[in-house]
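Inspection log for the structure reproduced underneath, given as structure tokens.
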Amino acid sequence: MYRLQPDQQAALEKLQPVLDNVISVQAEDVDTQGRFPREAMAALGEAGLLGLTIPTELGGMGQTMRVAAAVVDEIAQRCASTAMVAMMHYAGVNCYLANTERFADILRAAAAGRHLSTLAFSEKGSRSQFWAPVSKAVPTADGKGVVYNAEKSWVTSAGHADGIVCSAGSDDGESVTVFAVLKDDPGLTISGGWNSLGMRGNQSNPMTMTDVELDYESRLIGEIGKGPDIMLGRALPIFQVCQGAIGVGIAESAFKAAQGHITSQGFQHTGTKLSDLPNLRASLARMRIETDKARAYVASALDKAESEAPDAMLHLLAVKESSGETAVTVTDLAMRSCGGAAFSKHLGLERAFRDARAAIVMAPTTDVLREIVGRALVNLPLFG
Ligand SMILES: Cc1cc2nc3c(=O)[nH]c(=O)nc-3n(C[C@H](O)[C@H](O)[C@H](O)COP(=O)(O)OP(=O)(O)OC[C@H]3O[C@@H](n4cnc5c(N)ncnc54)[C@H](O)[C@@H]3O)c2cc1C
């Protein structure tokens with residue numbers, strides 16, 4: 001459905017052994033232990049897939065967000081936590097690409113599988129309203145950089161990511177700038193022990209930056225005071241479309257598990273199968289139709305973005321609402337249709353059911369996306 005060209009399809013072929021030999025094998029343990037999918041990320045790095053969207057001259061595969069969406073969809077069908085870690089990496093990389101020369105070494109390291117990136121936008125003070133950071137980046141006396149203080153509330157891959165793309169409010173609170181913070185920067189601490197309902201592998205722990213010194217020459221992403229260009233122009237589109245693809249991947253996994261169960265199990269006393277029940281067939285049909293609709297919408301949003309359609313941003317915003325909610329609906333249908341068996345770990349359904357719920361509250365949340373799309377539909381500016 002992503003309509004990949006042969007060179008784009010080749011990137012997916014590199015993914016297949018990682019899916020089969022590592023991600024599928026580790027998924028249940030990652031969820032049960034609530035641990036970071038380190039083997040999967042190492043294998044994606046070895047296959048060159050952490051460099052998927054990095055230009056070939058920097059050692060990457062030079063692919064687009066269409067291929068990134070197809071990749072995370074496939075990963076999410078096996079392990080949504082791994083898909084989310086990969087997706088946040090692609091979003092972080094897309095920010096570094098605003099200053100290819102400045103971040104050339106980091107981009108080369110990512111292409112070689114030696115640098116994992118993530119985004120730290122949400123803050124304790126402004127919660128899911130990431131566009132209004134309360135953190136402070138105060139210019140140093142020599143004017144060459146800033147001293148940065150922030151309390152980031154949830155950072156995927158915390159403690160594992162080598163680079164953290166951070167939003168920072170100005171001293172007067174009037175503007176936002178984006179910086180790259182590195183894992184070993186003095187003043188960076190990680191707290192909490194991620195033990196969550198879903199996405200249990202992604203280690204979205206709080207991060208505190210205390211007087212972290214960042215020079216403009218090596219750490220500034222974009223321009224001073226122009227953070228929204230990076231956050232909305234670079235991070236948001238790939239985040240939204242890949243988050244949409246992850247929702248579709250989760251829904252797909254739930255459909256396949258339900259289909260397998262309903263077609264293989266039956267009632268001994270009547271000699272009939274679960275698939276002889278018309279309500280379960282109708283439920284499977286709904287799951288299939290909803291999943292296909294959501295994937296088609298991801299593909300349509302990609303078409304809009306690639307053709308720079310005037311309403312591309314609107315669709316890029318709506319796509320996360322669409323697939324996030326689809327994943328919740330489809331996993332719920334699958335849980336109901338598979339009865340008590342759905343509660344057991346062996347179908348993988350209860351994991352999909354839990355993982356699906358993260359998208360609703362992940363910023364921009366479903367509520368906020370509906371508000372933005374609604375504003376557009378009554379001719380108000382998208383962001384009020
Ligand atoms: C698994 C997971 C991983 C995450 N990883 C990252 C990450 O790597 N980086 C990162 O920056 N953040 C990350 N987040 C954080 C995420 O983006 C949100 O910031 C966070 O989930 C918001 O939680 P909260 O309790 O602060 O929500 P709150 O802001 O308290 O929201 C509570 C409710 O209020 C609603 N609400 C809030 N504002 C509005 C509004 N203006 N209009 C209508 N309704 C509104 C919300 O929709 C929600 O239903 C992650 C979250 C999850 C669950």
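As the structure lists them, so they are numbered: ligands from 1, and atoms in each ligand from 1.
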message: Using the rule given for side chain to side chain donor-acceptor pair (under 3.5 Å), can you reason through Ser275 versus Thr263, listing the C-alpha separation, both sets of side-chain angles and the distance that settles it, and then say yes or no?
response: CA-CA 5 Å; Ser275 57; Thr263 51; over 6 Å; no

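Residues Thr118 and Val155 are in side-chain contact: their nearest non-hydrogen atoms beyond the backbone lie under 4.5 Å apart.
For Phe179 against Ile221, the heavy-atom pair with the smallest separation is C-CD1, 3.9 Å.
To the nearest 0.5 angstrom, Glu252 atom CD is 9.5 Å from Arg78 atom CZ.
Taking the ring centroids of Phe103 and His115, they lie at or beyond the 6.0 Å cut-off.
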Which protein N or O atoms sit under 3.5 Å from any N or O of ligand 1? Give each pair with its distance.
residue, atom, partner, partner atom, Å
ligand 1, 5 (N), Thr156, OG1, 2.9
ligand 1, 8 (O), Leu119, O, 3.3
ligand 1, 8 (O), Thr156, N, 2.7
ligand 1, 8 (O), Thr156, OG1, 3.0
ligand 1, 9 (N), Leu119, O, 2.9
ligand 1, 9 (N), Trp154, O, 3.1
ligand 1, 11 (O), Phe121, N, 2.8
ligand 1, 11 (O), Ser122, N, 2.7
ligand 1, 11 (O), Ser122, OG, 3.1
ligand 1, 12 (N), Ser122, OG, 2.8
ligand 1, 12 (N), Trp154, O, 3.2
ligand 1, 17 (O), Ser122, OG, 3.3
ligand 1, 17 (O), Ala363, N, 2.8
ligand 1, 19 (O), Ser122, OG, 2.8
ligand 1, 21 (O), Val361, O, 2.8
ligand 1, 25 (O), Arg127, NH2, 3.3
ligand 1, 29 (O), Ser128, N, 3.0
ligand 1, 29 (O), Ser128, OG, 2.6
ligand 1, 30 (O), Arg127, NE, 2.7
ligand 1, 30 (O), Arg127, NH2, 3.4
ligand 1, 38 (N), Gln129, NE2, 2.9
ligand 1, 41 (N), Gln129, NE2, 3.2
ligand 1, 47 (O), Thr365, OG1, 2.7
ligand 1, 47 (O), Asp367, OD2, 2.8
ligand 1, 49 (O), Asp367, OD2, 3.1

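Between the side chains of Gln26 and Arg35, at least one donor-acceptor pair of N or O atoms lies under 3.5 Å.
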